[in-house]
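Letters A, B, ... are given to chains in the order of the sequence lines, protein chains preceding strands, and every chain is numbered from 1. Fair warning: this is a prediction, and the values are worked out from it, not measured in the lab.
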Amino acid sequence: MKADFYEFFCPVKVISGKQALSNLPHEMDQLNVKRALIVTDKGVAGAGLISYVQDAFQGSSCEIGHIFDETPPDSSNMVVNQVAELFRQKNCDCFVAVGGGSCIDTAKGANIVVTEQTDDLMKFRGAERLKKAMKPLLVVPTTAGTGSEVTLVAVISNVQAGVKMAFTSDRLYPNVAILDPKMTMTMPPKITAATGMDALTHAIEAYYCLQKNPISDSLAITAIKLAMGNLVQCVENGKDESARLAMANSSLIAGMAFSNSMVGVVHALAHATGGVCHVPHGVANAILLPFGMENNLAKKAAEIGELAPYLCGREIQGDDRAKAVAAIQAVRDLNKKLNQLGGLPNRLRDAGVTEDKLEAIAKVAVNDGALIYNPEEVTFEEALDILRRAF
Amino acid sequence: MSPESNNNKSAGMRPGGVAAAGPSAAISYPKAKEPMGLNRLFSLSYPVKSGIARVALLALAVGFEYLSRNCDKLKKEISTWEEGRVFALSVLSKGPSVVLRKENGAIRYIGGNLKDSEIVFYFKNIDSALMLFAGLIGAHTASAQHRTIVHGDIGIAMEVLRAMNIAQSYLYPGIVLKKTFKRAPKLSFSEQILKLKLMLALLPGIVAAYKK
Ligand SMILES: NC(=O)c1ccc[n+]([C@@H]2O[C@H](COP(=O)([O-])OP(=O)(O)OC[C@H]3O[C@@H](n4cnc5c(N)ncnc54)[C@H](O)[C@@H]3O)[C@@H](O)[C@H]2O)c1
Ligand SMILES: [Zn+2]
């Protein structure tokens with residue numbers, strides 16, 4: 001594809017493979033830091049994954065300053081301020097996020113508070129506001145979905161307002177991302193399915209939204225191939241190490257793509273659904289993805305159609321529209337399969353959304369920044385229409 | 001080999017007439033293409049470009065003021081905004097700025113001091129601003145091409161952007177709107193009349209705002 005104008009940036013060192021976690025202290029040493037604040041949550045700690053991290057520190061001159069395992073789902077502005085305070089109290093010099101997007105984004109948010117020496121994260125809402133060099137952040141993802149280990153975004157809930165806030169800056173990229181298959185193997189099937197669909201949504205929206213560029217395109221296609229070849233396998237057999245590693249890579253590569261191409265109406269609606277009804281991010285994306293693709297069919301049939309061979313697993317005959325329709329159907333089929341295998345909800349009503357909340361969700365969604373990058377204009381009425389169809 | 005082709009070789013000429021380096025080569029480089037049409041804007045000097053950007057920003061500010069009192073669509077869009085909301089547009093790093101505030105239900109231009117703005121739309125440089133003002137790209141393309149950045153709450157910025165789109169639909173001719181909007185707005189007959197009235201009010205409005 002030709003691009004009129006684009007920027008691309010990803011300064012993250014990636015280490016991927018079996019026992020990759022053992023490299024963590026060495027990478028800290030390379031960054032000239034010694035004392036880590038581990039940011040994680042109860043689910044990750046309960047699955048025994050923090051003991052792997054502790055083991056990795058044995059025999060090294062680096063140490064764990066403190067383990068914070070109280071990260072709530074979707075993070076929050078209050079927790080971020082609390083983690084920043086701990087970082088200072090415990091004399092840590094780097095963050096190590098061990099978890100899914102909620103833990104990674106909490107560490108990113110706390111890093112803003114520490115680096116900018118502020119008492120309030122909210123002062124830094126918006127884009128490209130961070131000028132100071134941040135504290136090193138090393139990430140060990142335990143879900144395969146958000147790609148936050150290679151993105152410039154931190155999504156943090158404003159609990160009082162019931163909205164998810166986005167902070168974006170080139171400074172928010174972590175320094176190191178470590179993908180170790182043993183860290184995602186404990187994910188239950190439903191979370192595996194939901195987070196995997198988040199990764200697929202990143203790749204698909206990256207491929208047709210307005211900031212797409214030749215580099216993000218190639219990354220998006222690779223991420224889609226890996227997800228279509230391995231997600232079902234991970235849900236069916238969580239102990240399949242090679243499928244787990246492939247999904248971790250799909251998620252990371254999709255993250256690189258969308259961090260440089262942004263996402264569209266699916267994410268705008270998913271953020272709002274998460275903010276208003278606390279539906280997990282991946283679940284909301286999975287349900288809304290086919291509807292969001294349909295929303296852009298008139299303008300982006302060619303781009304969506306180009307994805308058909310990767311999503312359908314075979315060449316599709318016909319014009320752009322026919323190919324795009326087949327691509328959308330393939331996403332629906334995948335959702336159905338993940339519902340049967342892993343209990344992934346296929347409708348908003350099955351994910352805890354009640355009909356009386358749809359207007360509130362649409363109202364929040366039209367104020368989500370992702371809508372700027374959606375090819376099609378989306379009004380409140382159109383957002384509501386998509387939600388009603390997905391209900 | 002003919003003497004002619006031999007000559008070419010010794011002069012370091014490649015097909016197409018582009019000279020390659022060589023000790024005795026008479027190097028002739030192709031001239032950079034003269035900018036055409038609106039692209040001429042970008043070869044003007046910085047002070048001239050900055051002056052044009054200032055007038056364009058003032059036109060937007062005056063349009064906003066006028067329409068917030070006379071256009072039902074804009075009135076409805078800003079009806080949910082809190083009184084005193086301050087937002088601004090500014091060109092980095094030392095370019096012109098306009099600051100607007102919601103007062104008594106309408107929008108008022110309050111000068112160029114960004115100090116109290118909760119939302120600022122920054123153009124990264126003067127050429128990016130001119131691309132938008134000249135109608136070469138729309139607001140969403142400017143964002144997608146990283147030509148603009150927003151400081152402040154994105155949710156509030158989206159509300160301001162929607163209002164700004166309404167204002168722009170009265171400031172640009174239909175042909176530009178078709179190119180720069182995701183979905184070009186269609187103005188009714190009464191809205192076309194309003195557009196005409198705004199055009200008449202624009203020049204005196206800009207002159208008055210310029211003096212502020
Ligand atoms: N910054 C970005 O680029 C970006 C991108 C997409 C999403 N997000 C944000 O990330 C958040 C969602 O992150 P997520 O989908 O990774 O989920 P999550 O981090 O909220 O985790 C979901 C649940 O899975 C559990 N879990 C995680 N890994 C596990 C493992 N290996 N074994 C057992 N349990 C495990 C956690 O304890 C938690 O209960 C949302 O807030 C979303 O908005 C951020
Ligand atoms: Zn996502």
(Q) Looking at Lys132(A), I'd like to know if its NZ atom is crowded, meaning that more than 12 non-hydrogen atoms belonging to other residues, nucleotides or ligands lie closer than 6.0 Å. (A) yes

Open item on the list: Check this for me: does any side-chain nitrogen of one of Lys182(B) and Glu382(A) sit under 4.0 Å from a carboxylate oxygen of the other?
Closed with: no

Distance col, row His151(B):NE2 vs Arg125(A):CZ, nearest 0.5 angstrom, shows 13.0 Å

Check your understanding: How about Leu200(B): does its CG atom have over 12 heavy atoms from other parts shown lying under 6.0 Å from it?
Key -> yes

Cut-off 4.5 Å, heavy atoms of chain B, and the answer for Val364(A) is neither

Minimal heavy-atom distance between Leu371(A) and Met158(B), with the atoms involved, is CB-CE, 3.9 Å

Exercise. Side chains of Glu128(A) and Tyr122(B): does their closest heavy-atom pair fall under 4.5 Å?
Worked result: no

Counting only heavy atoms not in Glu83(B), do more than 12 sit closer than 6.0 Å to its CD atom? yes

task: Give a yes or no on this: more than 12 heavy atoms of other residues, nucleotides or ligands lie within 6.0 Å of atom NZ of Lys363(A).
output: no

Scored by heavy-atom pairs under 4.5 Å with chain B, the best of Thr168(A), Leu210(A), Ile372(A) is Ile372(A)

Applying a strict 4.5 Å limit to non-hydrogen atoms, the region of Leu161(B) in contact with chain A is side chain

Under 4.5 Å to a heavy atom of chain B? For Ser169(A) that would be neither

With a 4.5 Å limit on heavy-atom distance, are the side chains of Asp153(B) and Met122(A) in contact? no

- Task: Flag this pair as yes if the NZ/CZ of Arg162(B) is under 6.0 angstrom from the six-membered ring centre of Phe380(A) and inside a 45 degree cone about the axis; otherwise no.
- Result: no

When the 4.5 angstrom heavy-atom criterion is applied to Lys123(A) and chain B, the contacting part is neither

Most contact-rich option vs chain B, by heavy-atom pairs under 4.5 angstrom, among Arg129(A), Met165(A), Glu376(A), is Arg129(A)

Closest non-hydrogen atoms of Ile154(B) and Ala166(A), given as atom of the first, atom of the second and distance, are CG1-O, 4.3 Å

Nearest heavy-atom contact between Lys299(A) and Arg183(B) is NZ-N, 4.5 Å

Looking only at Ala139(B), Ala157(B), Gly155(B), most heavy-atom pairs under 4.5 Å shared with chain A are made by Gly155(B)

